[in-house]
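This report concerns only the one structure given below.
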Amino acid sequence: MQKLLLIGIAGGLGSLSRYGVSGLVHRIMGSEFPFGTFAANILGSFLFGFIWGISEESLAITPEARTIILTGFMGAFTTFSTFAFESTGMLRTGQLLPFAANVGGQIAIGFTLLWLGLALGKAI
């Protein structure tokens, strides 16, 4: 139960961090392109890889802390980092078809379902 509480707290902090980073970048760069989301996603991907790397190589972060940070904080900061990590894992192990299905599927289906959800929401 304590682990779930810590993941929830980390998730709240991740959401607030995403909001802060996105807003700051948006104010600096303008709103003609989603620079804030772009920055959060690429920063999140870097941080996810960095945290995973140091926890795997030097064991500087316990497996429990890694779960709290990556699932809670990074999961709320951006799910793109998890998507990129899982996809890269498939690519690294030579799973080209699953990699292509994951990347192509999530993008194509995600956009399609977003559009359908938007259309349904407007229709109600």
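Note that these values count all heavy atoms, side chains included, but never hydrogens, waters or copies made by symmetry. Please read all numbers here as calculations on a predicted model, not as lab measurements. Residue numbers count from 1 along this sequence.
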[X]-[Y] co-clustered via ILVMFWY side chain contacts under 4.5 Å:
{"X": "W115", "Y": "I109", "value": "yes"}
{"X": "M90", "Y": "L96", "value": "yes"}
{"X": "L116", "Y": "I107", "value": "no"}
{"X": "F50", "Y": "F85", "value": "yes"}
{"X": "I9", "Y": "L70", "value": "yes"}

Considering non-hydrogen atoms only, spot the tightest contact between [X] and [Y] and give its length.
{"X": "R66", "Y": "S55", "value": "CD-OG, 2.9 Å"}
{"X": "M74", "Y": "G44", "value": "CE-O, 3.1 Å"}
{"X": "A76", "Y": "R18", "value": "O-CD, 4.0 Å"}
{"X": "F35", "Y": "M29", "value": "CD1-CB, 3.5 Å"}
{"X": "S45", "Y": "A84", "value": "OG-CB, 4.1 Å"}

Kindly indicate whether the side chain of L24, heavy atoms from C-beta on, has any atom under 4.5 Å from the side chain of R27.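 Heavy-atom side-chain distance check passes, below 4.5 Å.
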Enter the distance from [X]:[atom1] to [Y]:[atom2] here, rounded to the nearest 0.5 Å.
{"X": "F46", "Y": "I51", "atom1": "CZ", "atom2": "CD1", "answer": "9.5 Å"}
{"X": "T71", "Y": "L6", "atom1": "OG1", "atom2": "CG", "answer": "12.0 Å"}
{"X": "I7", "Y": "T67", "atom1": "CD1", "atom2": "OG1", "answer": "6.5 Å"}
{"X": "F48", "Y": "T88", "atom1": "CZ", "atom2": "OG1", "answer": "10.0 Å"}
{"X": "F73", "Y": "L13", "atom1": "CZ", "atom2": "CG", "answer": "7.0 Å"}
{"X": "I68", "Y": "L5", "atom1": "CD1", "atom2": "CG", "answer": "9.5 Å"}

The single option from N41, V21, L16 passing side chain to side chain contact (heavy atoms under 4.5 Å, CB included) against F77: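 Result: among N41, V21, L16, V21 is the only option passing the side chain to side chain contact (heavy atoms under 4.5 Å, CB included) with F77.
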Would you call the rings of F80 and F83 parallel, tilted or perpendicular if under 30° counts as parallel and over 60° as perpendicular?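 Taking F83 first and then F80, their aromatic rings sit tilted (interplane angle of 30° to 60°).
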Using the side-chain hydrogen bond (donor to acceptor under 3.5 Å, both in side chains) rule, collect all pairs that involve residues 94-112, keeping only residues at least two apart or in two chains.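 Those involving residues 94-112 are S87-N102, T93-Q95, N102-Q106.
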